[in-house]
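Structure first, then comments.
The structure presented is a predicted model; accordingly, all values stated were derived computationally and were not measured. Residue numbering restarts at 1 for every chain, and letters A, B, ... go by the order of the sequence lines.
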2 protein chains.
Amino acid sequence: MIVPSAKENNTVQPFTRGPSMRDVATAAGVSAQTISRVLNDHPNVQESTRRRVLAVVEELGYRRNNTARALVTGRSKTIGVLTLATNNFSKSALTLGVELGAREAGYTVNAVTSDLSVQGLTSAVGRLVLQGVDGIVIAAPLQGAADQVSKLTQRIPIINTDGSTSLGERVVGVDQDIAAVLATQHLLDLGHQTVWHVAGPQEWSDALARRNSWHRTLHDAGREAPPELEGDWSPESGYRNGLILGRKPEVTAIFVASDEMAFGVLRALTELGRRVPEDVSVVGIDDIDLAAYSNPPLTTVRQSFEDTGRRAVASIVAQIANPALVSTPDLVAPTLIVRGSTAPPPAAD
Amino acid sequence: MIVPSAKENNTVQPFTRGPSMRDVATAAGVSAQTISRVLNDHPNVQESTRRRVLAVVEELGYRRNNTARALVTGRSKTIGVLTLATNNFSKSALTLGVELGAREAGYTVNAVTSDLSVQGLTSAVGRLVLQGVDGIVIAAPLQGAADQVSKLTQRIPIINTDGSTSLGERVVGVDQDIAAVLATQHLLDLGHQTVWHVAGPQEWSDALARRNSWHRTLHDAGREAPPELEGDWSPESGYRNGLILGRKPEVTAIFVASDEMAFGVLRALTELGRRVPEDVSVVGIDDIDLAAYSNPPLTTVRQSFEDTGRRAVASIVAQIANPALVSTPDLVAPTLIVRGSTAPPPAAD
DNA sequence: CGTAACATTGTTATCGATAACAGAATGTCC
DNA sequence: GGACATTCTGTTATCGATAACAATGTTACG
């Protein structure tokens, strides 16, 4: 698809640079420092000079070189965000929130992805550090990589949205204990004897927290907790586990650790001829955009990843401004959204 | 949530810098230039010096400062990607592809989002340019912003994944004509008299191409094209339009311009008591992860946004390496995925 | 053996901005 | 009116790397 252009560029000219601050200074008849002052809104610049400088800036189409600026200030005005290299709703919602929050705070976002390996995570963080980001939002379970990552980021504020405190770093997110209680209790309140659980990958502390909270809620209600199944967040894994659960006649209520897996569960139950919610009730977590449009519409626990991303950035920015700040975990409570996938259990025969 | 730390940091020390190339040079007893040579794999460095340098690098935990490097080389090793500030499948799949492609090519990704306004798009591109990205992938309709954007990016390779050639820039993506033909013809082949269309926002040239191709396909088959409806890519807009179409008894086949809208259509039809696919057939576009798990599973036209993202980066990287390159549009053909949402029309009464 | 070609390393200038300091002009107060 | 603060602007050094050039030492070969 790519062919050499007709007029071959003989002069090796890797790139052209635009006008520099010096060019503007010369054109405006002032020193470069004055240009810098104007552009940085420093006080003590005469109004007439300011106007003249801005006019020349406009005329030359001058744009400040942030690389040079970053070099001398030590600040890149960039925030890094690390996610897994998968495409799911929560990941992209969080990234969006980070981007929006960053923009409002005058930062841009450097996004990297990784797999779950220590090697992958470490190198992903390494890439961010190398790019000189001013702070990092991590939306992935670090696990064994925590040590190496913290070594890399000694001088950089870092925050985790996976609920993990393994790094001792700051945590921003949604209270997963509450989320699981809301889901489980909702099903119990409807009259179900017990609630089955399709958990997320247990290396995610969010998933672990949901599982534990589900278990505790059942226990507190005096119910036996059935063995839990585990998925990998994918709809396909939900489908697989749905087939297993759907074949057990005693299953009447399922709490699925993510909406995307819940879609798979719904599909499996339908294929097995078990009606939702008449025969089996299903609750998800997340409230993805599509949750209201499944058949039946999915009852779920809403957590705003976008908001989490924004709060993560806010926290990072605060710490950049004042490294002496320490913060306590910042968790917000999710809310239950009741739709059509839950109902009382079928009348006992 | 944020409180001042106990031990107040008195010395105003905004940040600490790690060891520099000079530090490594001193420790290794060579010049800084030699360090640079070793780190850049230049030839003509004696094996013993190379080893000594690498040892010192390791020992000091030295990491090269990419900002300084970028300043002098004029290359930031960063690629910018511009998307809309929404969270849909295609956007995040594309971003993921860009990230993966960039990583393989030794680049990182600077992601910005925008709304559809000229002002928003211009400033988003401006932010990327300011950050010194080496190339830009645009996944949004530029429309009126094209002029200003091209002014900003004169010196930077740019590529568009929305099928739009308004900028004269290079285009990478999926052939939307074929996509719409596949969907429409599939429904005609099943015996439907005509095919209704829920289009995407017509400012997206992809959406426009699908609409035109749908129209042409019907025309070529000698069928009357019914008036098309238009959504905004959201499931909710699909739902709204689905309610309209579902109330028309003559509607037996609907081609929806995205899977997410198709979910809304499915939901609306179900609520109206029209069975899919027995009464109405529905085809989407994209093949999102959840498409196989709707009720019924969605027949759709698969296009890999991740692949598009990768190809976009490959093209950008090629042009960075050789600015003299020109390229023709690089479109790949999508494939039809037949699932459970399509069937022959109900027997005429 | 002398010299060209090559291998290896060092020196200096530069990228484009900002910080820190310095100097000139103006204003203020007793 | 003189001492001193204040306002405005310029000069110099610096951030951390690389490019271009220079300077050695080494090898090869007629």
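In this structure, Ser114(A) contributes its side chain and Ala124(A) its backbone to no donor-acceptor pair below 3.5 Å. At least one donor-acceptor pair under 3.5 Å links the side chain of Asp134(B) to the backbone N or O of Lys77(B).
Counting non-hydrogen atoms under 4.0 angstrom, Arg37(A) reaches a base of the nucleic acid. Using a 4.0 Å heavy-atom distance criterion, Thr67(B) is classed as making no nucleic acid contact. Using a 4.0 Å heavy-atom distance criterion, Asn66(A) is classed as making no nucleic acid contact. The residue Gln46(A) sits close only to the backbone: its heavy atoms come under 4.0 Å of sugar-phosphate atoms, none of a base. Residue contacts shown for Ser31(A) include a base, since a base heavy atom lies under 4.0 Å away. Residue Asn44(B) is classed as a base contact, given a heavy-atom separation below 4.0 Å to a base. Among the protein residues, Ser20(B) comes within range of the sugar-phosphate backbone only, with heavy atoms under 4.0 Å from sugar or phosphate atoms but none that close to a base.
Checking dA17(C), dG10(D), dA17(D) against the side-chain heavy atoms of Asn65(A) singles out dA17(C) as nearest. Between dT9(D), dT14(C), dG10(D), one nucleotide has an atom nearer to the side chain of Val72(B) than all others, and that is dT14(C).
Rounded to an integer number of Å, the gap from CZ of Arg22(B) to C1' of dT14(D) is 10 Å. Atom CD of Gln33(A) and atom P of dC8(D) are 15 Å apart (whole Å). Distance, Leu71(B) CG to dT18(D) P: 11 Å, rounded to whole Å. Taking atom CG on Asp41(B) and atom C1' on dT8(C), their separation rounds to 16 Å, with Å as the unit. Remark: P of dG16(D) and CZ of Arg69(A) are 17 Å apart, rounded to the nearest angstrom. Taking atom CD1 of residue Ile35(B) and atom P of nucleotide dA17(D), one finds them 10 Å apart after rounding to whole Å. Rounded to an integer number of Å, the gap from Leu130(B) CG to dG16(C) P is 14 Å. A straight line from CE of Met21(B) to P of dG16(D) spans 12 Å, rounded to a whole angstrom.
No more than 12 heavy atoms of other residues, nucleotides or ligands lie within 6.0 Å of CZ in Arg22(B), so this atom counts as exposed by the packing criterion.
Nearest-nucleotide assignment on DNA chain D puts the 5′-proximal partner with Pro43(A), out of Ala32(A) and Pro43(A).
Taking 4.0 angstrom as the limit, Thr34(A) places a side-chain polar atom (N or O) nearer than this to OP1 or OP2 of dG10(D). Residue Ser36(B) places at least one side-chain N or O closer than 4.0 Å to OP1 or OP2 of dT18(D). Phosphate contact (OP1/OP2 of dA17(D), side-chain N/O of Thr73(B), threshold under 4.0 Å): absent. Between dT18(C) and Arg64(A), a contact under 4.0 Å exists linking OP1 or OP2 to a side-chain N or O.
To the nearest 0.5 Å, atom CD of residue Gln143(B) and atom CH2 of residue Trp204(B) are 10.5 Å apart.
Not a single donor-acceptor contact under 3.5 angstrom links the side-chain atoms of Arg63(B) to the base of dG16(D).
Under a 4.0 Å N-O distance rule, the pair Asp307(B)/Arg311(B) qualifies as a salt bridge.
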**Study point:** Lys91(B) and Glu99(A): CA distance, side-chain angles, deciding distance, salt bridge (Lys or Arg N to Asp or Glu O under 4.0 Å) verdict
**Key:** CA-CA 14 Å; Lys91(B) 172 226 154 175; Glu99(A) 207 281 332; over 6 Å; no
